[in-house]
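Here the structure comes first, spelled out in structure tokens, and everything after it is commentary.
Every chain is numbered from 1 and lettered A, B, ... according to where its sequence line falls, protein lines coming before strand lines.
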Amino acid sequence: MARKLQSIRGIHDGLPAEVAKWCNIEDVARKVFASHGVSEVRLPILEPTSLFVRSVGEETDIVSKEMYAFEDQGGDHICLRPEGTAGAVRAYLQAGLTRAGAQRWFYMGPMFRRERPQKGRLRQFQQIGVEWFGVAGPVADVELLSMAQRFLNALGIEETRLEINSLGCIECRPTYHQMLVAYLQTCREQLCATCNERIEKNPMRVLDCKNKACQEQLTDAPEMVGHCCQACDTHFTGLKTGLDALGVSYTVNPRIVRGLDYYNRTAFEFVTDQLGAQGTVLAGGRYDGLVESLGGTATNAIGFAAGMERLEMLLADLKGHQLDVVVASLGDASLAYSLRVADALRQQGLAVVHAGGGAAKRQFKIADREKSRFVVVIGDDELAKSGLMLKDLATGKQDFYVLDDAIQVLSGVSMIE
RNA sequence: GUGGACGUAGCUCAAUUGGUAGAGCCUCGGCUUGUGAUGCCGGUGGUUGAGGGUUCAAGUCCCUUCGUCCACCCCA
């Protein structure tokens, strides 16, 4: 079939079955996050392009190749946000909250990156993000991670594992960088072409190269966790101790790296092997320097983002009723009455659709297809007695009720959220 | 951006060396104008993703393009 009009590549429609799962994820997020005192914020989808150049990093692919950036009619350079953290920091500063104490925020919404689409990767995708500002010690890291773990558990996603690492800070990372580059130079010949580029651009990226030949060369490579300064080391130890105390299981993976420039110290990922190459379901870390680099006073911060579509793929399709009642009317005489019955049931909070009359068989099939729990049959008899025939589709039982009694029976049975 | 696989009915898929585009499911109607299954009968539904080329003849071969999927890259 010719598709003359279609959505843009990598930008998909959210249809009812999918949106139902998103709503479920959002409900769980709101509930779990609220128990940690985290409040929802709604931030702009359009931001100044310079915001991401300054925060995410000019050299990152996200900024240099993947942003939907353009000049608007007034000549301003604006873009569709490729991620949420930078905008959150901007909003935090713009609202003047640097002296307002800790801020714990979450948001959900679309992000945009012009990548080649594949499994778990779209050009418009949804993220649920959490950003905590003004929280310094490792206790915040511990609580954020245990919250993330509880979020996944509450969704019923059990098969992820948590990997953590420390990325060091501006004190210790430069030294480590030099060591790493020096090491990589020694085996440069054996590393793949991409890794050779990474030595210049982002040497830590070599550590998580997927190429086996590269990984073989890296067995003796220096790791950040072994070369942290005292303060970073203490922080990382505090994180591990806290996770142990809460029974949050994790593995230290010294090869975890962050793609965005603003991260320091704690980096973490919840990963699964059920999503092919896009196995990261939820990831984040500390970004203590970002607020300052965007013009604010030095403010510690930590956060994460989870990909909605990736979470969704780990969830089973939702079952359950879409409707409480389908009203089937038989014969012209009772049609008006049946419409009024349908409306009366709706006023009781039930989800009701009128099947439109016609053959009883057809109307029952509609009820099945629309996943209704009950069918109310109304014909001449029911009209004459001012009542209705109520059939439970699961059990097949049906009984006659006068309208008030039927409402009584049906009250509180709504299966629809 | 690179490499590969794939686009035929609403869905899942057939169609021999190039030779009349089909099936199952779904849907709608009938058998049955008061009941969901099954059965039987019938109907709707296609410019074979789009555009161009080769040929007497193209779903099939060639080119272009759009899209989907997988991996690289990157990342949630």
At a cut-off of 3.5 Å, list every protein nitrogen or oxygen paired with a nitrogen or oxygen from nucleotides 28-33 of chain B, distance to 0.1 Å.
none

Identify which nucleotide among B:rU35, B:rU68, B:rA76 has an atom closest to any side-chain atom of A:Arg258, counting heavy atoms from C-beta outward.
B:rA76
Nucleotide nearest A:Phe125 (side chain, heavy atoms from C-beta), chosen from B:rC74, B:rA76, B:rC70
B:rA76
In terms of side-chain heavy atoms of A:Arg198, which of B:rA76, B:rG36, B:rC74 is nearest?
B:rC74
Nearest-neighbour nucleotide for the A:His12 side chain, B:rU35, B:rA71, B:rU68 considered:
B:rU68
Test: A:Arg30 and A:Glu40 ion pair at under 4.0 Å:
yes
Pairing of A:Lys365 and A:Asp368 as salt bridge, 4.0 angstrom limit:
no
Please evaluate the base of B:rU2 for a donor-acceptor partner in the side chain of A:Arg116 within a cut-off of under 3.5 Å?
yes
For the side chain of A:Arg113, counting heavy atoms from C-beta on, which of B:rC75, B:rU35, B:rU27 is nearest?
B:rC75
Checking only heavy atoms, does the side chain of A:Glu382 share a donor-acceptor pair with the base of B:rG34 at less than 3.5 Å?
yes
Check this for me: does the side-chain of A:Gln398 come within 3.5 Å of the base of B:rU35 through a donor and an acceptor?
yes
Of the candidates B:rU68, B:rA71, B:rA76, the side chain of A:Arg310 sits closest to B:rA76
With a distance cut-off below 6.0 Å to the six-membered ring centre and an angular limit of 45° from the axis, does A:Lys385 pair with A:Phe400 as a cation-pi contact?
yes
Give RNA chain B the dot-bracket treatment, 5' to 3': Watson-Crick (N1-N3 with N6-O4 or O6-N4) or G-U (N1-O2, O6-N3) under 3.5 Å, [ ] crossing, | other strand.
(((((((..((((.....[..)))).(((((.......))))).....(((((..]....))))))))))))....
With respect to the side chain of A:Ala277, which nucleotide from B:rA71, B:rA76, B:rG36 is positioned closest?
B:rA71
Listed once per pair and sorted, the ring pair (Phe, Tyr, Trp, His ring centres under 6.0 Å) pairs that draw on residues 119-159 of chain A, sequence neighbours left out:
A:Phe33-A:Phe151, A:Tyr92-A:Phe133, A:Trp105-A:Phe133
